[in-house]
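So the structure is just underneath, and the comments pick up after that.
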Amino acid sequence: MPVPTENPPVDTSQADGRRRVPLIAALAVLVVYAHLTLEWGFFFSKPSLLSATSLTDALLVLICAPLLPALGLGLASLLGALVGALIGLPLGRARPGATLVARLVPAAGVALAVIMLLDNFTYTLFDFGIKTVGDGPARLAYAAGGVLLVIGAWRALARGEQRALAGRGARAIRNASVFLLLISGLGAAARLGLLPAGSPAASHDPAATTSGTNSSGSTSETDVSRPNILLLGGDGIEAEHASLYGYERDTTPFARDFFADGLVCENAFVNARSTGASLLSLLTGRLPVQTGTHHLPFTLTGDDAYLHLPGVLRGLGYRLVQITARPDADALDANMRRAFHVGNGRPDTSDALGLGAWLGGAFDSEAHFLALIGQRVRVRLGRTVAGEDVADPFEIASKSKRNKQRFYDDGDARVPELIEQLGALPEPFFVHAHLLGTHGARYYLRDDQRAFSSATDDETPFHPDAYDDAIRRFDAWLAEIVAALESTGRLERTIVVFYADHGRTHNVEPRVPLALRFPGGAHGGRIRANTQLVDVAPTLLHALGLPPPAWMAGRSLLAGEPDPRRPVFAVLPSFAMTKRAAALRAEQRMDPTLRDETATGIGAVHVTIGQRWYRVDWEENALTHGEVPGHSAPLPADERLPPAELLDLVDAHLRAADIALDMPDT
């Protein structure tokens with residue numbers, strides 16, 4: 001009788017690997033959905049880009065945003081499995097090399113989600129986290145902790161896979177990942193169905209309007225030269241403190257001579273008190289009540305994200321770069337779509353590989369959401385992994401004095417970058433630079449930058465001597481920039497615009513500098529009637545031989561003197577009312593029937609007519625008025641606007657933007 005023999009051992013590693021790899025890819029997909037859901041909840045629960053959206057739009061962001069990242073991470077897991085199999089890591093029959101590398105992808109995702117949650121917790125409660133650590137042991141401890149989290153997540157996933165494969169968990173995980181991807185696909189289809197045909201968002205055309213009005217975009221093939229454009233701003237500069245406007249101290253000696261043959265606006269005013277809203281008016285040629293972006297956290301949404309000067313110039317073949325300060329002065333943070341090719345070192349992906357380019361820009365909200373998350377991740381990883389001093393732009397100006405000095409005394413660092421760009425960019429180019437060296441309340445001057453403030457106490461907020469020296473320092477930066485343009489032969493092919501975004505103390509009453517120098521000294525002269533920042537965009541288009549689009553609220557300054565009685569409107573936000581408006585929008589997500597016309601975030605509307613200003617203030621329930629210092633073209637004394645007419649004027653201004661507010665008692 002033959003002796004029975006044992007069956008030879010069966011190598012199950014290949015079969016085990018074939019089962020594990022799809023499971024790992026499915027886990028990678030679930031990790032993305034879990035992480036982005038947590039991030040969505042963070043943004044949904046506080047003032048953010050989701051504050052200005054409906055519940056439907058916010059939910060579509062939650063549903064659609066994970067689609068491409070989840071697919072990408074799942075494919076990365078499969079690619080990792082292929083790499084692991086090719087290198088043949090000797091990990092035993094139960095754990096083939098393919099699964100080692102594949103599992104690193106979801107393990108890293110889990111570790112990153114945990115790091116973000118913990119850092120948000122410690123930073124919110126204790127003002128301590130990755131962004132605040134130095135270059136010593138604390139940073140190394142965070143880095144080591146991250147590595148340990150990845151290892152721990154890897155081991156936990158391996159154990160979880162084993163249990164899932166032993167039962168029915170593997171199939172449930174795979175089915176869940178497929179289900180979520182299917183839901184995202186259906187959400188993407190719904191998003192496409194909700195996009196209005198013919199809108200700027202659908203066409204990526206800033207010249208398009210929902211009504212089909214023609215604009216400058218349709219005349220992009222006109223036979224005109226295309227000069228370069230440099231838009232250079234100084235934060236908080238008042239015309240009363242600039243010798244360009246006759247100030248007794250020679251604070252702007254270079255600007256005074258440089259713009260001698262330029263177009264100088266003697267009585268220019270801003271359209272908003274905050275830097276962000278003021279610069280959006282400048283770049284869009286539209287008023288804050290039209291865009292709804294008078295103050296953070298509200299950003300451009302829908303068609304408003306496409307209606308701006310940079311988009312028109314981009315369609316004309318311009319190369320666009322922005323060098324400003326984040327977040328208030330940054331077009332990408334404001335969700336300005338198809339604007340600058342590069343904004344503060346970050347490329348605009350709205351027409352490249354980002355979601356905003358997909359199928360006519362239907363997924364702009366998702367793209368913006370993912371970009372903000374990517375920014376949050378980069379700040380933390382850049383600090384722990386590479387030791388980069390990458391401060392969160394939304395925190396940089398609100399913490400230490402060192403950060404504030406770095407934030408506001410930015411010209412010495414930004415001017416060389418600007419000069420490099422002006423020499424390297426292909427022509428025609430459009431460069432917007434906004435420098436904060438003149439931003440109060442303190443000016444952080446070096447000893448060699450003090451002409452008027454050598455005996456000044458730097459701790460005195462908005463000290464006029466230090467302020468004048470800060471303006472003089474800005475003038476020196478302007479001289480460096482112009483000299484660089486001249487050295488490359490580009491100056492006489494460049495329109496240079498000098499502006500300011502508000503007054504010294506973030507006020508809207510004073511005149512601000514607004515001067516334009518055109519190639520060959522064209523269009524020189526002085527404009528005495530009131531002008532405003534929304535006039536800049538249509539003026540530049542006029543200089544290019546293009547009619548301003550119908551959606552711009554400003555008028556070209558090359559079309560002659562404006563009406564001296566034209567009202568100039570500015571919006572003053574209320575922090576309390578902005579918070580109330582954000583809260584209302586959050587409630588409206590759940591109940592769209594809720595209405596509160598007073599919850600707009602607008603605290604006051606400021607109107608300047610001639611040398612007189614009027615303010616309708618809802619916080620104080622008051623109507624006040626005064627006169628602009630140094631106004632060079634005063635109207636007759638008997639032309640003061642009666643209160644009733646002023647209230648009617650403001651009411652009409654708001655109602656034209658579908659805003660209804662009860663006027664204060666007078």
I'd like to know if [X] pairs up with [Y] as an ion pair, taking the criterion as any Lys NZ or Arg NE/NH1/NH2 lying under 4.0 Å from an Asp or Glu carboxylate oxygen.
X      : Y      : result
Arg566 : Asp535 : yes
Arg517 : Glu492 : yes
Glu509 : Arg615 : yes
Glu238 : Arg511 : no
Arg528 : Glu561 : no

Heavy-atom pair of closest approach, residues [X] and [Y]:
X      : Y      : value
Leu60  : Gly187 : CD2-O, 3.7 Å
Leu533 : Ala500 : CD1-O, 3.7 Å
Val508 : Phe269 : O-CD2, 4.3 Å
Ala570 : Ala272 : CB-N, 4.0 Å
Tyr245 : Val512 : OH-O, 4.3 Å
Phe369 : Ala65  : CD2-CB, 3.7 Å

Note to self: Just checking Glu420: does its CD atom have more than 12 heavy atoms from other residues, nucleotides or ligands closer to it than 6.0 angstrom?
What the structure shows: no
Spacing of [X] atom [atom1] and [Y] atom [atom2] [to the nearest 0.5 Å]:
X      : Y      : atom1 : atom2 : value
Leu313 : Ile229 : CG    : CD1   : 5.0 Å
Ile602 : Leu654 : CD1   : CG    : 5.5 Å
Leu540 : Ile495 : CG    : CD1   : 5.5 Å
Leu516 : Leu557 : CG    : CG    : 7.0 Å
Leu572 : Asn507 : CG    : CG    : 9.0 Å
Leu282 : His434 : CG    : NE2   : 9.5 Å

Check: Can Val605 and Trp618 be said to form a side chain to side chain contact (heavy atoms under 4.5 Å, CB included), step by step?
Finding: CA-CA 9 Å; Val605 170; Trp618 283 272; 3.8 Å; yes
Over 60° means perpendicular and under 30° means parallel, so tell me whether [X] and [Y] are parallel, tilted or perpendicular.
X      : Y      : answer
Tyr499 : His432 : tilted
Phe340 : Phe430 : parallel
His506 : His502 : tilted

Can you tell me if [X] uses its side chain to pair, donor with acceptor, with the backbone of [Y] under 3.5 Å?
X      : Y      : value
Asn271 : Ser278 : no
Gln421 : Val321 : no
Arg504 : Gly440 : no
Thr494 : Val496 : no
Arg314 : Ala339 : yes
Trp551 : Thr284 : no
Gln290 : Leu287 : yes
Ser281 : Ala277 : yes

Is any side-chain heavy atom of [X] less than 4.5 Å from a side-chain heavy atom of [Y]?
X      : Y      : result
Leu283 : Leu231 : yes
Val342 : Ile323 : no
Leu263 : Phe518 : yes
Pro549 : Leu541 : yes
Tyr306 : Met336 : no
Val431 : Arg319 : no
Thr608 : Phe569 : no
Leu649 : His653 : no

Notebook entry, point to check: Can you name the one residue among Asp235, Asn344, Asp330 that meets side-chain hydrogen bond (donor to acceptor under 3.5 Å, both in side chains) with Thr324?
Noted result: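 Exactly one pass, corresponding to Asn344.
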Next item on the list: List the steps and the verdict of side chain to side chain contact (heavy atoms under 4.5 Å, CB included) for Thr488 and Leu422.
Entry: CA-CA 9 Å; Thr488 59; Leu422 292 175; over 6 Å; no
Notebook entry, point to check: Can you find a side-chain donor-acceptor pair between Thr275 and Asp501 that sits under 3.5 Å?
Noted result: yes
Margin query: Just to verify, which of Thr438, Thr252, Ile237 counts as forming a side-chain contact (heavy atoms from CB on, under 4.5 Å) with Asp475?
Written below: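 For Asp475, the side-chain contact (heavy atoms from CB on, under 4.5 Å) check succeeds only for Thr252.
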Next item on the list: Compute the ring centroids of His542 and His523, then answer whether they are less than 6.0 Å apart.
Entry: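 Between His542 and His523, the centre distance exceeds or equals 6.0 Å.
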Next item on the list: Could you walk me through whether Phe429 and Arg490 pass side chain to side chain contact (heavy atoms under 4.5 Å, CB included), step by step?
Entry: CA-CA 11 Å; Phe429 59 73; Arg490 294 183 165 195; 3.3 Å; yes
Checklist line | Residue pair Glu266, Ile527: steps toward the side chain to side chain contact (heavy atoms under 4.5 Å, CB included) verdict | finding: CA-CA 6 Å; Glu266 295 184 3; Ile527 296 179; over 6 Å; no
